Amino acid sequence: MFAHNKRLQYTVRVGSSNPGLANLMLEQFGGPQGELAAACRYFTQALAEDDPGRKDMLMDIATEELSHLEVIGTIVAMLNKGAKGRLSEAAESEAELYRSITGNGNSSHVTQVLYGGGPALTNSGGQLWNAGYIDSIGDPSADLRSNIAAEARAKIVYERLINVTDDPGVKDALGFLMTREIAHQQSFEKALYSMSPNFPPGKLAGDPRFTNVYFNMSQGNGDARGPWNAEENFEFVTGADAQKSVDGDGDAAVTLTETEQGVLEQLVVRTASDPESDPLTGAELGMGVDEGEVERQRQ
Ligand code: MN
Ligand code: MN
């Protein structure tokens, strides 16, 4: 079950009304790296998790992400309060209201006109939130890696938002939210490495002939060597001849029934191209080629 406590996880002290800034904050409310996506990601993983430790961690973090959603949503609502009141009550002239929601390069008109100043489940550009942001695959070694990357991305978005915010109270709350993503990333890393083995993901081992091979397939100026393709870690295979048909002749094959084979042969005959032909095309007619002249030249 869920229970709600009316006190926020972190206090939100917004200095002044700023609808343009509110719009930017929506990135972490309804954006791909935002708190709703994070909460849904860990909540759905927790429901299916069979390891008691991971299940508990995922539920703890999912619930915390919902608390973050509340904090960032409250920031959006607070930043919009002034504009919301003025717009709802038509407290200023049309021109002044128009300026207040589109001025200074801000684009808060969609949030103001369409959503009435409330935090909308969109990103900062108005793109609607969608469940496709969550890429869980139902395997802990793959999902934990994805969760680590999701926390890294969320941390980066918070960092960028902090850099464009001059309101000290908003900066402070964003700093808390950013810091918690660092903590989550560490928990997910510990959980991943507390599972042994955790690589490769899943149960099947890779084909040993290709597991530690590096194909140098982009060749030319700029070829570089590093630990990602070093001889002590990888067999470095370069040159087109060494890279093609690495398991045999490289020809594709399929076994067909006699009937399938028969109709496919009919299809091949019906759609065969004639390499000897030089047909007059619509493009040539469009360019004013004289059909009669072409015929005479062919004879
Ligand atoms: Mn969060
Ligand atoms: Mn997080």
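Counting convention: from 1, in listed order, for ligands and their atoms alike. Bear in mind the structure is a predicted one, so any value in this text is a computation, not a measurement.
- The Mn ion (ligand 1) is closest to atom OE1 of Glu65 (considering only N, O or S atoms).
- In this structure, Thr165 OG1 and Leu79 CG are separated by 8.5 Å, a value rounded to the nearest 0.5 Å.
- A donor-acceptor pair is defined here as one N or O able to donate and one able to accept, closer than 3.5 Å; such a pair exists between the side chain of Ser88 and the backbone of Lys84.
- Nearest to the Mn ion (ligand 1), among the N, O or S atoms that His68 has, is ND1.
- Ring-plane geometry between Tyr42 and Phe188 is classed as tilted, the angle between the planes lying from 30 to 60 degrees on a 0 to 90 degree scale.
- Atom OE1 is the N, O or S atom of Glu35 at the shortest distance from the Mn ion (ligand 1).
- When OE1 of Glu181 and OE1 of Glu151 are joined through the Mn ion (ligand 2), the resulting angle is 80° to the nearest 10°.
- Counting backbone and side-chain atoms alike, His184 contributes no N/O/S atom closer than 2.8 Å to the Mn ion (ligand 1).
- To the nearest 0.5 angstrom, Arg145 atom CZ is 10.0 Å from Glu189 atom CD.
- With respect to Thr122, the side-chain contact (heavy atoms from CB on, under 4.5 Å) criterion is satisfied by exactly one of Leu128, Leu114, Asn23: Leu128.
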